[in-house]
There are 2 protein chains.
Amino acid sequence: MSKSPARIRLADAAFALFDERGYEQTTVDDIAERAGVGRTTFFRNYRSKEAVIFPDHDRLLDLIRDRLATSSHSTALVAVSDAVRLVLLHYIDEGDLARRRYGLTSKVPALRDREIASVARYQRLFREFIAEWMGDPTASASLRAELMAAAVVAAHNHVLRRWLRGESRDPVAEVDEAMREVLALFPVRSPGDGSAEAGTTIVAFRSARDLDALLPELRRLVEP
Amino acid sequence: MSKSPARIRLADAAFALFDERGYEQTTVDDIAERAGVGRTTFFRNYRSKEAVIFPDHDRLLDLIRDRLATSSHSTALVAVSDAVRLVLLHYIDEGDLARRRYGLTSKVPALRDREIASVARYQRLFREFIAEWMGDPTASASLRAELMAAAVVAAHNHVLRRWLRGESRDPVAEVDEAMREVLALFPVRSPGDGSAEAGTTIVAFRSARDLDALLPELRRLVEP
DNA sequence: CCCTCGAACGGTACTCAGTACCATGGTCGT
DNA sequence: ACGACCATGGTACTGAGTACCGTTCGAGGG
């Protein structure tokens, strides 16, 4: 027995013990003992006690970075909302493991904080990518980048949490829908916008809203 | 000498030592020694080594909670963007202290993570407030609440960081401007929207974009 | 003036996470 | 059979955080 690599056995032992006694009540020695390995081996496989639950955020972050670097999308926001799908797919791929982790992070503040910190790293990556893509160091452009990154991450989190709670049958479809929602929040501004050469366009379309409700949006769309 | 209460002297000693040797290179014993108190007294005043830098996030969180509970604004988003001003004002009130903390959180990952976790608590509070205010348990409403909370927090962070870096002379004006930006992202939907009775509206407006670029946005605006 | 109560303090001893170092045993290629 | 290279286990250490206990000091109350 105990043929499987130590890394796997350690994770199994950790999750089992966390379920039985709770996270704080479980020591690293306990985990190592149940896994049938030495304490040293634990820390060789996982940098910390928390890390045994969040295995490969770094790897995933690199994956996202690559995806962004090699992406050829029309806008930064599209590229980012495409990249964030990878994160969701990764969680879905983990399946039950992700759900068990969710159960833990919901109860243990230290783990919740760690999860949040990880997500913040994605958000930062997105923010920097968008800001760089826009190439506009203005404060207002920077704010826009920040808002976009935050929206994408928030939408992702929303869908992910729904799936983790078992409230979602088709998270991939949901995330696409959510990203459309996010996209709609940030209408694309073409370069000439708000500047001198403004032509006149007349568009006819159907809407249930009355004109007063529609006007502010349109004004935002067209003006600066 | 050493008349000032231990709590103050500990904080002073901590900041001084962190500046001199760095955060990780400073032990709690060092801080206590320089403050002229025992190690026990340190932990009586601050729950952890990190806490000496982030004194009163809990108090501020309660303040925000109260503000939201007693707020009478037209929309949840307005109430929240009003509440978040309190956070900014609190930082500004701290003045140089906030800037020194920023210098530390920029360099020490553990502190950055802690800061992020604190911010996440505000965001969570906002999200729950907005969701409750809307009283609509739909997934789409929930997403909307999540997006709003994220946007408000992102906008706040943007202004705060600018001020912390000394890039902003009038952060209060900036945060108001940023909040207007956020407000504009989420146009108020009138009750009948998206339902059966679809009329036809013809709107004329000026734009430098050509029609092809404009069409997808308009379609998104009207269809869903 | 003395006594008591309580709060703040200092010290000791403990648990546990994380690090550094070293010694051992097995596996591979040659 | 030899040495090189791993992964592993063990020991010892640092430092954060907790529990407990004895002391001191100051504010009343008799």
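Put simply, CG on B:Leu111 is 13 Å from P on D:dA16, counting in whole angstrom units. Between A:Arg39 atom CZ and C:dC21 atom C1' there is a gap of 14 Å when expressed in whole angstrom units. Atom CD of A:Gln25 and atom P of C:dT15 are 16 Å apart (whole Å). In this structure, the CZ atom of A:Arg21 is 14 Å from the C1' atom of C:dC16, given to the nearest Å. One atom, CG of A:Leu10, and another, P of D:dA7, lie 15 Å apart when rounded to the nearest Å. Straight-line distance from the CG atom of A:Asp29 to the P atom of D:dG10: 11 Å, rounded to whole Å.
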Atom pairs and distances, donor-acceptor, side-chain atoms in residues 57-64 of chain B, under 3.5 Å, two or more places apart:
from, atom 1, to, atom 2, distance (Å)
B:His57, ND1, B:Tyr122, OH, 3.0
B:Asp58, OD2, B:Arg47, NH2, 3.4
B:Arg59, NH2, B:Asp56, OD2, 2.8
B:Asp62, OD1, B:Arg65, NH2, 3.4

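Side-chain nitrogen and oxygen atoms of B:Thr41 include at least one within less than 4.0 Å of the OP1 or OP2 phosphate oxygen of C:dG10.
Counting non-hydrogen atoms of other residues, nucleotides and ligands closer than 6.0 Å to CD of B:Glu20 gives a total above 12. Within a 6.0 Å sphere centred on CD of A:Glu33, other residues, nucleotides and ligands contribute 12 heavy atoms or fewer.
Both tests do not hold together for A:Lys107 against A:Phe18: distance to the six-membered ring centre under 6.0 Å, angle to the ring axis within 45°. In this structure, A:Arg99 fails the cation-pi test against A:Tyr91, since its NZ or CZ atom is not both closer than 6.0 Å to the six-membered ring centre and inside 45 degrees of the ring normal.
In DNA chain D, the stems built from three or more successive Watson-Crick or G-U pairs (distances below 3.5 Å) are C:1-28 with D:3-30.
Of the residues in residues 42-50 of chain A, those with a non-hydrogen atom less than 4.0 angstrom from any atom of DNA chain D are A:Arg44.
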query = Under the side-chain contact (heavy atoms from CB on, under 4.5 Å) criterion, do B:Ser71 and B:Asp82 qualify, and how do the steps go?
reply = CA-CA 9 Å; B:Ser71 87; B:Asp82 171 72; 5.6 Å; no

A:Glu174 and A:Ser168: CA distance, side-chain angles, deciding distance, side chain to side chain donor-acceptor pair (under 3.5 Å) verdict = CA-CA 8 Å; A:Glu174 282 192 21; A:Ser168 165; 3.1 Å; yes

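Nucleic acid contact class of A:Thr27 (heavy atoms, under 4.0 Å, all strands): sugar-phosphate only.
Side-chain contact annotation: A:Tyr102 with A:Arg161, donor-acceptor N/O pair under 3.5 Å absent.
We find that A:Arg144 and A:Asp136 are not joined by a salt bridge, their nearest charged nitrogen and carboxylate oxygen being 4.0 Å or further apart.
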